[in-house]
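Input: a single structure, listed below in structure tokens.
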Amino acid sequence: MQSFDVVIVGGGHGGAAMAAQLRQRGYAGSIAMLTAEPELPYERPPLSKEYLAGEKSFDRMLLRPPAFWAERHVSILTSTRVTAVDPAARILTTSAGPIHYSILVWAAGGDARRLTCAGHDLDGIHAIRTRADVDALSADLQTGSRHVLVIGGGYIGLESAAVLTKLGHRVTLFESLDRVLARVAGAELSGFYEAEHRAHGVVIETGTSVTEITGAAGRATGVTLDDGRHIAGDLIIVGIGIVPAVQPLLAAGAVGGNGVWVDEFCRTSLPDVFAIGDCALHANSFAGGAQIRLESVQNAADMAATVARGIIGDPTPYHAVPWFWSNQYDLRLQTMGLSLGHDATVLRGDPATRSFSLVYLKAGRVIALDCVNAARDYVQGKALVEQGVIVAADALADVTVPLKNWHPA
Ligand code: FAD
């Protein structure tokens, strides 16, 4: 049986950062990274951006060149799926046979959430989570299909709508809540993005649920909505979030549910088993201590650093300001902090100029910023979020005063 000191399950942003961080910090033990995908670790964000647009080749999305892993003696087992964990014997059941670990780091991310309504399994329905997903979507788009129905008004749905519009396809987007980005941003930002997409010709239907996918000859031909309407389309993209890939860990007895629970050192409830990235359910200090999962490159990388420190004997609790970005058309959105639970918003700048920031406050303290083509606010806002600085709303709204001028009282 193969045996490694550290086994990392998942070759995404978290897994790759984990292996790299361990070596960077001088860890000399054996490391294996197991990934269900056939590829070496690659960047996921371009999947709904430059890769879908055909502007970035896959080679340029590799997180590290192949030689990086070989030089650092990281054994990568691609196309290898872990199906069970025996925490007492420290043995993984995998499609490549049993593997023994001394320390296990679970960085398995999540699978694209699928529809469950009638017609959900027809051909022509696509997710955007892996390279294979986008390759299949791109191949389908080239067969002459033109009207794309996007289900889900989150970042992935909106980014793909922007790319497809640019590629000359017609797009209709459905969001069951009353505005796009409702789970992650304030109403002002949602309104701005809805207007932008409509100006580019995207039809946006909010407050509308898809109840059925209709089809002919085994292929999707449209959707039926909860108000009874039927919208015909050539293919469908489903962007309705992920299901955390934690089933083997939960089956082994790890505490969790919507993700696997971890403490401030990213330790699960199983001995010497850590979890990081999209699948890790943790109390986030920038969400008022609420138990959340964060789906971002930042969270995956910073949690990897936390675990690496723990393994080399320098444990440091996870405490990193969340940040994220999204590219749509010529708009670069950069977010700092988490707006969850905000009780006031302040607009800095004029959305009509397509450069502005939305500052989120809770009990007078700055907790988050959404910056649209406003990199300076984004950079300078970090300290305000990190320190929970109190700033009066009218002062924050004054764009002539840079955010770096504000300090803790
Ligand atoms: P992943 O990167 O998903 O990696 C998990 C890996 O585990 C996968 O390789 C998977 O195959 C493997 N795996 C799963 N189960 C098993 C198993 N049982 N056995 C073996 N291997 C397994 N974040 C941003 O910050 N900014 C963005 O602009 C942005 N855009 C995005 C656009 C798209 C289209 C997507 C899909 C995500 C985007 N994200 C973005 C989110 C970001 O990519 C994720 O938060 C990040 O990839 C999480 O890293 P992870 O290591 O936790 O999981």
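Counting starts at 1 for both ligands and their atoms, following the listed order.
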Heavy atom of [X], distance to ligand 1 below 4.0 Å:
X	value
Pro248	no
Gln247	no
Gly11	yes
Asn327	no

Taking distance alone, with N or O pairs closer than 3.5 Å, would you say [X] contacts ligand 1?
X	value
Arg129	yes
Trp106	no
Gln298	no
Phe324	no
Trp325	yes

I need the contact type for [X] against ligand 1. Using non-hydrogen atoms and a strict under-4.0 Å cut-off, is it side chain, backbone, both or neither?
X	value
Lys49	side chain
Thr35	both
Tyr155	neither
Ala300	side chain

Which option wins on minimum heavy-atom distance to [atom]: [options]?
atom	options	value
atom 46 (C) of ligand 1	Thr94, Asp278, Thr130	Asp278
atom 17 (C) of ligand 1	Val82, Ile276, Val297	Val82
atom 31 (C) of ligand 1	Ser326, Ala108, Pro45	Pro45
atom 53 (O) of ligand 1	Gly109, Gly15, Pro46, Cys279	Gly109

Item checked: Ring-face cation contact, Tyr42 with Arg44, 6.0 Å cut, 45° max -> yes

Next item on the list: Test the Arg131-Phe58 pair against the cation-pi criterion, namely NZ or CZ under 6.0 angstrom from the six-membered ring centroid and within 45° of the ring axis.
Entry: yes

Checklist line | Distance filter under 4.0 Å to Thr80 heavy atoms, resulting ligand 1 atoms | finding: 19 (N), 20 (C)

Next item on the list: Under 4.0 Å from a heavy atom of Ser48: give me the atoms of ligand 1 that qualify, with their elements.
Entry: 32 (C), 33 (C), 34 (C)

Check: Do Tyr378 and Trp325 come close enough that some side-chain heavy atom pair is under 4.5 Å?
Finding: no

Check: Do Leu347 and Pro351 come close enough that some side-chain heavy atom pair is under 4.5 Å?
Finding: yes

Next item on the list: Report the nearest protein non-hydrogen atom to atom 41 (C) of ligand 1: residue, atom name, distance rounded to 0.1 Å.
Entry: Glu295 O, 4.0 Å

When you measure from the side chain of [X] to the backbone of [Y], do you find a donor-acceptor pair of N or O atoms at a distance under 3.5 Å?
X	Y	answer
Arg219	Asp123	no
Ser48	Ser160	no
Arg72	Ala20	no
Arg146	Asp234	no
Asp86	Ile91	no

Margin query: Using 30° and 60° as the class boundaries, would you call the ring planes of His282 and Tyr318 parallel, tilted or perpendicular?
Written below: perpendicular

